[in-house]
Amino acid sequence: MRIAAFTLLTLLAGCGIFGSDRPPEAPPTPDEIACRAESRDSPERARLMHQWMPGNAINETRLTAELQTAERRAYLECLRRRGVIPRSGGVEAPR
């Protein structure tokens, strides 16, 4: 009886019953990889990193949020320049 229950659970798990409903993500394109690298090397990110003061929790929290915003902005601008996403329209992310 235990073997039958184990086999049934194994088959159900293999079918994705216990997994997520989302399909697996597609691997990043060469444009996305290049734009991620460019966003990590952006001048705005470098400027913010010079303001980093380890041990100052308030400063770290603020700069972490600003770094994420700067990287995202540089990433999207790179994708726009490469023609991957349209230049106009859309909604700015809330802060």
Side-chain angles (χ1 to χ4, degrees):
M1 186 66 173
R2 286 184 183 202
I3 294 173
F6 178 74
T7 304
L8 179 62
L9 287 175
T10 305
L11 289 173
L12 289 174
C15 293
I17 297 297
F18 298 115
S20 71
D21 293 336
R22 297 182 314 178
E25 291 185 25
T29 65
D31 285 329
E32 291 171 337
I33 293 169
C35 287
R36 285 277 176 221
E38 185 178 315
S39 70
R40 285 189 298 269
D41 296 335
S42 72
E44 178 66 14
R45 186 179 187 285
R47 183 188 67 77
L48 289 169
M49 287 302 292
H50 284 293
Q51 297 177 12
W52 196 267
M53 292 185 297
N56 184 339
I58 295 172
N59 185 45
E60 287 181 12
T61 302
R62 179 184 61 82
L63 280 176
T64 299
E66 287 184 29
L67 283 168
Q68 289 173 344
T69 302
E71 281 186 33
R72 179 81 175 150
R73 190 175 294 134
Y75 175 70
L76 292 175
E77 183 55 37
C78 175
L79 290 177
R80 285 185 191 101
R81 275 195 323 271
R82 291 171 175 257
V84 177
I85 59 175
R87 286 205 166 270
S88 62
V91 178
E92 184 177 346
R95 294 179 186 216

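Everything numeric here is computed off the predicted structure, so don't read it as measured data. Numbers here simply count residues along the sequence, with the first being 1.
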query: When rounded to the nearest 0.5 angstrom, what is the spacing between CZ in R40 and CD in E71?
result: 7.5 Å
- request: Go through the steps to decide whether R73 and E44 satisfy the test side chain to side chain contact (heavy atoms under 4.5 Å, CB included), and finish with yes or no.
  value: CA-CA 10 Å; R73 190 175 294 134; E44 178 66 14; 5.7 Å; no
field: Non-neighbouring partners of D31 that pass side-chain hydrogen bond (donor to acceptor under 3.5 Å, both in side chains), sequence neighbours left out
entry: R82
task: Say whether, by atom type as modelled, one donor and one acceptor occur between the side chain of Q51 and the main chain of L63 under 3.5 angstrom.
output: no
task: Grab the two heavy atoms, one from L76 and one from I85, that are nearest each other, plus how far apart they are.
output: O-CD1, 3.7 Å
message: Quick one: does any side-chain atom of E32 pair with a main-chain N or O of T29 as donor and acceptor, under 3.5 Å?
response: yes
query: Which heavy-atom pair separates C35 from L79 by the least distance, and what is that distance?
result: SG-N, 3.6 Å
- request: Heavy atoms only: give me the nearest A74-S42 pair and the separation to one decimal.
  value: CB-CB, 4.0 Å
task: Please say whether more than 12 non-hydrogen atoms of neighbouring residues, nucleotides or ligands are located less than 6.0 Å from CZ in R72.
output: no
query: How long is the gap from CD on E38 to CG on D41, to the nearest 0.5 Å?
result: 8.5 Å
- request: Over all heavy atoms of both residues, which pair between T64 and W52 is shortest? Give the atoms and the distance, please.
  value: OG1-CH2, 3.5 Å
- prompt: What's the shortest heavy-atom distance between E60 and G55, and which atoms?
  reply: OE2-N, 2.9 Å
- request: Go through the steps to decide whether R62 and I58 satisfy the test side chain to side chain contact (heavy atoms under 4.5 Å, CB included), and finish with yes or no.
  value: CA-CA 6 Å; R62 179 184 61 82; I58 295 172; 5.6 Å; no
